[in-house]
Amino acid sequence: MPQYQAVKGTRDIFPEEAARWKYVEGIVHALASRYGFSEIRTPVFEYTELFQRGIGSTTDIVGKEMFTFQPDPKGRSLTLRPEMTAGVMRAALQNNLLSSAPVHKLYYIGELFRKERPQAGRQRQFSQFGAELLGVSSPAAVAEVITLMMQVFQSLGLQGLKLRINSLGDTDDRLRYRCALQDYFSPFHDILDDASKERLDKNPLRILDSKNPALQELIAGAPKLYDYLNPASVQDFEKVLYYLDERNIAYEIDYRLVRGLDYYCNTAFEVTSSELGAQDAIGGGGRYDGLARELGSSTDVAASGFAVGMERLLMTMEKQRLFDALVPQGPLVYVVVQQQDLVDHALQIACRLRNAAIKTEIDLASRSMKAQMRDANRMMASYALFVGTTERATGLYPLKNLLTSEQTMLTLEDLLELLRELAAREQLQL
RNA sequence: GUGAUUGUAGCUCAGUUGGUUAGAGCGCCAGGUUGUGGCCCUGGAGGCCGGGGGUUCGAGUCCCCUCAUUCACCCCA
């Protein structure tokens, strides 16, 4: 066993997998840009209070999942970010973004940290991409972020994802509903599990999330949030659904969808993948108009956003074999050296090729020709170029097509010419 | 934090009721082909059997502890 291993809940991403990440990230950047979102990068740690205020102290994330530390005895408590939205909102408020322009559309890709027990689809360090649309209170804003998210899934070729959506109403709606829930559940106090008992006081909405089979019947009979929405909230929700219908985005209304973070209001949504095991949420989001004030803003900031788990996304894509066509690009030419004393000469040639923008590989470990050829074959090089004493003397080098095994003798000048042409053609095919 | 699961070669895994020197496939390296890959053949390297303790004449195998893994609960991406 190695002396050191990766910290629990963290892992390494090796080249083959990194290529898949790059591919997905490329799509995210392209589509976010097409929808008019600009990238923002915020620090991986923030003052702990930001998350306590922003996410809500009753949430599990803040209650038990944060990596919190104190850099020095007098310093303020810091926390590795467990989600992105609070940091983005902080950045926007701190820099008065909304006074320079009333609307801001931001997206991000970044690493998050939560101290949970790892399991399938759950890591202590994980990544999300997401978008935040600030300064627009119209239902068109939520529809816009949902559309972008679904567009990413579609462009990646994902199938069978399920979008569930609900309205949590405005603050007053939720307050009234909260009371109704407390009235409903209180008589059954003895039946509730410990977690639900605690939520009864702090955040009764979250009882609805419970997967405890013993409670399902009771939960099914609970009052519906939808019945407590005021006309404006209903209208807002209907409009969001209208946009989704119009864009052919399939969804399912789920009146019990609540979501774990305190800052949501009005629309909330979640996307699940049936191929993920127990942790099947691949993305989610909603409207969070209350967050800015919670973070000390003197004005309201309407906000909508979503976040998608990269690992879960990649996992689902792998299950659906969406990376099969993603084959690594081998070198165009592999320089094969006959013997030790020619290495420097071969290196010179390799440099010339590379300076001509030709993807070139050469063995630096002085292995046998057979080993070099095997290597070239393994990394799927297109051509092998042989460098030996005769070649150096005559200036004619054999170039072997590794697919057809054809071999032709060329001067270095002709070689550069030919390979440059081939490289250009390869570029076009990509 | 709770429950279960699995730890044997780089990887995937065999290993009998406890019994000599712990195996296979793939991968890696070399040779067959002394200047040329894939396929084939031959050979080679590579193991504190997760760690510690115990039972036993004897432990990869049985018992206890511990560490790690994986899955699930809670919750979330």
Side-chain angles (χ1 to χ4, degrees), chain A residues 1-9 11 55 58-65 81-85 109-130 149 193-196 198-199 203 206-207 209-213 257-261 269-273 276-285 305-316 330 334-339 342 363 365 367-392 397-407:
Chain A
M1 275 295 113
Q3 274 193 326
Y4 291 105
Q5 46 187 302
V7 173
K8 184 200 289 288
R11 62 193 212 93
I55 304 173
T58 66
T59 61
D60 284 8
I61 292 178
V62 172
K64 57 181 191 188
E65 294 170 4
R81 63 188 180 193
E83 58 100 55
M84 283 285 193
T85 303
I109 302 177
E111 288 71 49
L112 305 176
F113 307 85
R114 284 167 21 187
K115 201 166 62 194
E116 301 177 273
R117 213 45 176 262
Q119 83 188 69
R122 169 181 285 161
Q123 302 270 328
R124 287 184 162 190
Q125 176 180 336
F126 62 104
S127 301
Q128 289 183 352
F129 77 87
M149 178 181 71
D193 53 51
D194 290 345
S196 297
E198 186 151 349
R199 288 180 197 145
N203 195 346
R206 305 230 348 262
I207 300 177
D209 278 336
S210 175
K211 285 184 201 157
N212 185 344
L257 178 70
V258 174
R259 301 195 49 78
L261 311 185
F269 56 89
E270 185 167 291
V271 176
T272 51
S273 160
L276 279 182
Q279 308 307 320
D280 63 351
I282 195 169
F306 73 84
V308 170
M310 289 289 283
E311 286 79 1
R312 292 182 186 180
L313 178 63
L314 279 268
M315 252 186 267
T316 306
Y334 191 111
V335 180
V336 177
V337 192
Q338 181 199 350
Q339 57 196 51
L342 289 163
D363 174 45
R367 292 140 82 204
S368 68
M369 287 186 74
K370 181 176 178 144
Q372 294 176 64
M373 285 300 284
R374 202 171 34 226
D375 211 25
N377 200 57
R378 191 172 19 228
M379 55 179 64
M380 296 194 290
S382 306
Y383 293 88
L385 174 70
F386 297 95
V387 176
T389 40
T390 327
E391 285 76 11
R392 187 167 55 175
Y397 296 82
L399 182 71
K400 180 173 188 173
N401 183 323
L402 290 178
L403 212 66
T404 63
S405 295
E406 282 173 277
Q407 200 162 300

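Just so it is clear, the model here is predicted, and its values are computed rather than measured. Order of the sequence lines sets the chain letters (A, B, ...), proteins ahead of strands, with each chain counted from 1.
In this structure, A:K64 does not reach the B:G1 phosphate: none of its side-chain N or O atoms is under 4.0 Å from OP1 or OP2.
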Any protein N or O atoms within reach of nucleotides 43-45 of chain B? Criterion: under 3.5 Å, listing atom names and distances.
none

Would you tabulate the pairs of protein nitrogen or oxygen atoms and nucleotide nitrogen or oxygen atoms of nucleotides 25-28 of chain B closer than 3.5 angstrom?
residue, atom, partner, partner atom, Å
B:C28, OP1, A:R378, NH1, 2.2

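Applying the side chain to side chain donor-acceptor pair (under 3.5 Å) criterion to A:E270, with sequence neighbours excluded, gives A:R164, A:R259. Applying the side chain to side chain contact (heavy atoms under 4.5 Å, CB included) criterion to A:A371, with sequence neighbours excluded, gives A:R367, A:S368, A:R374. In this structure, the side chain to side chain contact (heavy atoms under 4.5 Å, CB included) partners of A:S127, at least two apart in sequence or on a different chain, are A:W21, A:E111, A:M310, A:E311.
For A:K400 against B:U36, a side-chain N or O and a base N or O form a donor-acceptor pair under 3.5 Å.
For A:R312, the listed nucleotide lying nearest its side chain is B:A77; candidates were B:G35, B:C74, B:A77. Looking at the side chain of A:K370, the nearest of the listed nucleotides B:G37, B:U69, B:G35 is B:G37.
No aromatic stack links A:F386 and the base of B:G35, using centre distance under 5.5 Å and interplanar angle under 30°.
Counting only Watson-Crick and G-U wobble pairs whose two distances sit under 3.5 Å, RNA chain B takes part in these stems of three or more pairs: B:1-4 with B:70-73, B:10-13 with B:23-26, B:28-32 with B:40-44, B:50-54 with B:62-66.
Annotation: B:G1 and B:U69 have their P atoms spaced 13 Å apart (nearest Å).
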